[in-house]
Each structure stands twice: as C-alpha cells, then as structure tokens.
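Scroll down for the structure; my scribbles are underneath it.
So you know, we letter chains A, B, ... as the sequences are listed, proteins then strands, and number each from 1.
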Protein chains: 2
Amino acid sequence: MIELMSSFHPTEQRLAITRRRHPAFPREPAVLVRLIKHIYKRVHDDANALLKPWGINHPEYNLLMMLYGTDGYTLNPSQLAEAAGEKSANITRLTNELCDKGLIERTASDEDRRKIALSLSKAGIAMIESFLPDICTLLERQASGLQPREMAQLEKLLKKFLDQLEQG
Amino acid sequence: MIELMSSFHPTEQRLAITRRRHPAFPREPAVLVRLIKHIYKRVHDDANALLKPWGINHPEYNLLMMLYGTDGYTLNPSQLAEAAGEKSANITRLTNELCDKGLIERTASDEDRRKIALSLSKAGIAMIESFLPDICTLLERQASGLQPREMAQLEKLLKKFLDQLEQG
DNA sequence: GGCATTTAGTACATAAATGTACTATCTACA
DNA sequence: TGTAGATAGTACATTTATGTACTAAATGCC
C-alpha cells in the first residue's frame, strides 16, 4: 500500500528518535508546536511575497488590518500592540514607517495626553482596498485543503490551545 | 447565560468589522491565520524565557533538537535549515554561535568537499539533557488544555493545512 | 495640595533574520 | 577532458525585532 508522505514526515522521524533518547519527551505537544511553527513561517513568507509590490511587509499589513477592523479606523499604540501581537517598542518603529508612507496618521489625545491616536489615512484605506482582493485569494488558497467543517473544527481547537497558553 | 470570552474575542470583533467593509474577506482562513500567529508568538516567548538560564534562545534550541533527533547527532547546514525552517543565511550565524559555545562541532566532509557536518558535542548533548525535563514540563502545560483525542485531531488538521500551504 | 505609583509612549543600543552576491566544489554531457 | 550549470556554504549589508531605560502624564492616597 502506497502512502503519500507529507513533508512533515522527517520531523516525525526526528521526534521518534528524540523519544528513544529521552522517553519522557511528550510527542503530541511537540508535534503541535512544530507544526504551528512551520505553518506560521510559511504564512509569513507568503504574505511578504504578496505584499512586496505595495511596498509593505507582513507586520505592516497586520497593523493596517487591525485599524481597518476597528470602528473609526483608530487605535492607540498599546491597543495596536496587543491586537497585532507585537511588542510595544516594535510598534513605534512600524507606525513611524507607516506614517512616513502616508498610510496612517498620529493625533494627540485630549482626554489623556499620554495617549496617541493612530488612524488610517485615506491613502491607507485605499491601499488596503487595493490589495485585499489578492489577500482574499491567498487566504482562500492557503485554507483550500480544508473543508468548511474542518476549518471550524480547527478554529475551535486552536482557540482552546491558545486559551490554555494564555492562562500560563 | 454567561459566556466566558476568550482573549481572542477582540480579534473576532475586528474580523466582523473587516467583513462589513469588505464582504469578500474570508472569515475562516483569516481566523486560522491569526490564531496560528498568536500561538506561535506565545510559544516562542515561553521557550525563550525558559531557556534563558542556559544561555540559549528558541532558535538555537530548535537547532540543537534537530541534531538530537538525528542518528549520529549530525546534519549538514542545509539539512538543518530545512529541518528547523530557517533560512540558510541564518543557519550560518546560529551555528557559529553554537560552535562558540562548544555545543556543536563542524567537520569537513570527505565525500563532498562543499559539505560541512554539524554534530552535537558531548557538552551539547549534556546541555540538552539538562534542560529537557523543564522543556517537557512546559510542553505538557502548553497542551494541557486539550484532551489526547483533541490533540490528535488538531495534529491531523494542522498537517492537512500545512500540506496545502506547501504545494502552493 | 503634594508625593508615590502606575501607565503610555518612545529612544537607543543590541540582537535576530533576511537578501544578495560571492567562492568553491561537484555533475553532466558535448 | 573541459566547460556550463547546479549545489553547499558563507560574508556582508540591510531590515526587523527586542530589551532597557527614560520622559511625561495620569491616578491614588495621605
């Protein structure tokens, strides 16, 4: 019987050897973590490649999309850091670049003068709407190996996994 | 009825707004990609924190574990890049550091003199075996929100997802 | 009011990752 | 053979990410 080997097979092979050497090494959690890592890197690379013609990269795209997904197209740096999963020091650099490119705007807040409002500019919204069709195509292609039923299942399990991670 | 909100709720909220603005935006694939990203970052940070006392970081750990999971504890730089999902230029830097720390050794290959063999040193193996108990604990805790049945299911779905990603 | 503590944001130094271009070696085949 | 093209690895410049330390402003508490 012929079985098609996934590209992940070598990883499983290595896990088997690892467990031979250190039997307590937990196979399932390790497989999951390695799968997550491989998937993340691939998704990241795909997005970077797609976005290159627009002169932005994946992290910048993420920031733009966080604003695009917010009423008023506006967030504070700290909210943006939380939303995009970036460290706050990184937000400063990334938003500086987006400002330089004219895609977002900074405004000081009146209520709390420590705060800064980051808002999508017209140009930012226009750029998002220009690359979204390609992004949609990419996302659909990336997930096209899964049935809708499987996607829902995967979502449920990943959420459960993330919940556990976050409560330490 | 009270429902506990996961920390992922704001992300879903933003996706809903995004879809209001751009109805073609595919919810499920986008949710999956964002979940993967959040999980990856968290796993990465956790591992870095745990490994700090040993003076290595997550990518270095990954390289060591790839060698530990190989018969003979030896791989070429390109095999290591493939295994660990790092770009080859990065492997040079990381393996230089691991050499400097005395954890791995480089040997020239006889059969093909373009090739280099990277092998775990005694000290490297000893270090791995000293941190593995803590790593096992971490992995088990990270996955402790899932039943064995769910882990297997998650593994299956992630593999399917990765397969699709890799065939373009 | 005045002082300690917390919070928002950033600057700057450092570390980590990537792209590109290059050297050396190997392979194939005319 | 010998020469074109592929492959393994690295050097170096650049980009991206993180840690730490700092300023300014808000909050709480006496």
May I ask you to say what A/Ser78 touches in the nucleic acid, namely base, sugar-phosphate or nothing, with a heavy-atom cut-off under 4.0 Å? sugar-phosphate
Nearest-Å distance for atom pair NE2/C1', residues B/His58 and C/dA17: 15 Å
Please state whether the phosphate of D/dT10, meaning OP1 or OP2, lies under 4.0 angstrom from any side-chain nitrogen or oxygen of B/Arg93. no
Look at atom CD of B/Glu28 and say whether more than 12 heavy atoms of other residues, nucleotides or ligands are closer to it than 6.0 Å. yes
Is it true that atom CG of A/Asp110 has more than 12 heavy atoms of other residues, nucleotides or ligands lying nearer than 6.0 Å? no
A/Ile116 side chain, from C-beta outward: closest of D/dA17, C/dT10, D/dG9: C/dT10
When rounded to the nearest 0.5 angstrom, what is the spacing between NZ in B/Lys160 and CD in A/Gln147? 6.0 Å
Is the shortest distance from a Lys or Arg side-chain nitrogen in A/Asp45 or B/Lys87 to a carboxylate oxygen in the other one below 4.0 Å? yes
Return the value, rounded to whole Å, for the distance between atom CG of A/Leu94 and atom P of D/dT16. 8 Å
I want to check one thing: is the phosphate of D/dA17, taken as OP1 and OP2, less than 4.0 Å away from some side-chain N or O of A/Lys87? no
Min side-chain heavy-atom separation B/Ile39-A/Leu165 under 4.5 Å: yes
Measure the distance from CG on A/Asn90 to P on C/dT10 and round it to the nearest whole Å. 13 Å
Whole angstroms only, please: what is the CG-P distance between B/Leu80 and D/dA8? 14 Å
Residue met sooner reading DNA chain D from 5', once A/Glu111 and A/His44 are mapped to nucleotides: A/His44
Any idea which of C/dT18, C/dA11, D/dT10 is nearest the B/Glu86 side chain? C/dT18
Contact class for B/Asp112 (heavy atom, under 4.0 Å): base, sugar-phosphate, or nothing? sugar-phosphate
Mark yes or no for a side-chain to base donor-acceptor pair under 3.5 Å between A/Arg114 and C/dT7, with no hydrogen or angle criteria applied. yes
Expressed in angstrom and rounded to an integer, what is the separation of A/Glu60 atom CD from D/dA17 atom C1'? 13 Å
Report the residue (B/Asn57 or A/Gln79) whose heavy-atom-nearest nucleotide on DNA chain C is the more 5′ of the two. A/Gln79
Of the listed D/dT20, D/dG9, C/dT18, the closest approach to the A/Ala89 side chain comes from D/dT20
To the nearest angstrom, how far is A/Ile104 atom CD1 from C/dG9 atom P? 12 Å
D/dT10 phosphate, OP1 or OP2, under 4.0 Å from B/Arg106 side-chain N/O: yes
Rounded to whole angstrom units, what separation is found between the NZ atom of B/Lys41 and the C1' atom of C/dA16? 13 Å
Could you tell me the separation between the CG atom of A/Leu75 and the P atom of C/dG9, rounded to a whole number of Å? 11 Å
Residue met sooner reading DNA chain D from 5', once A/Arg113 and A/Ser88 are mapped to nucleotides: A/Ser88
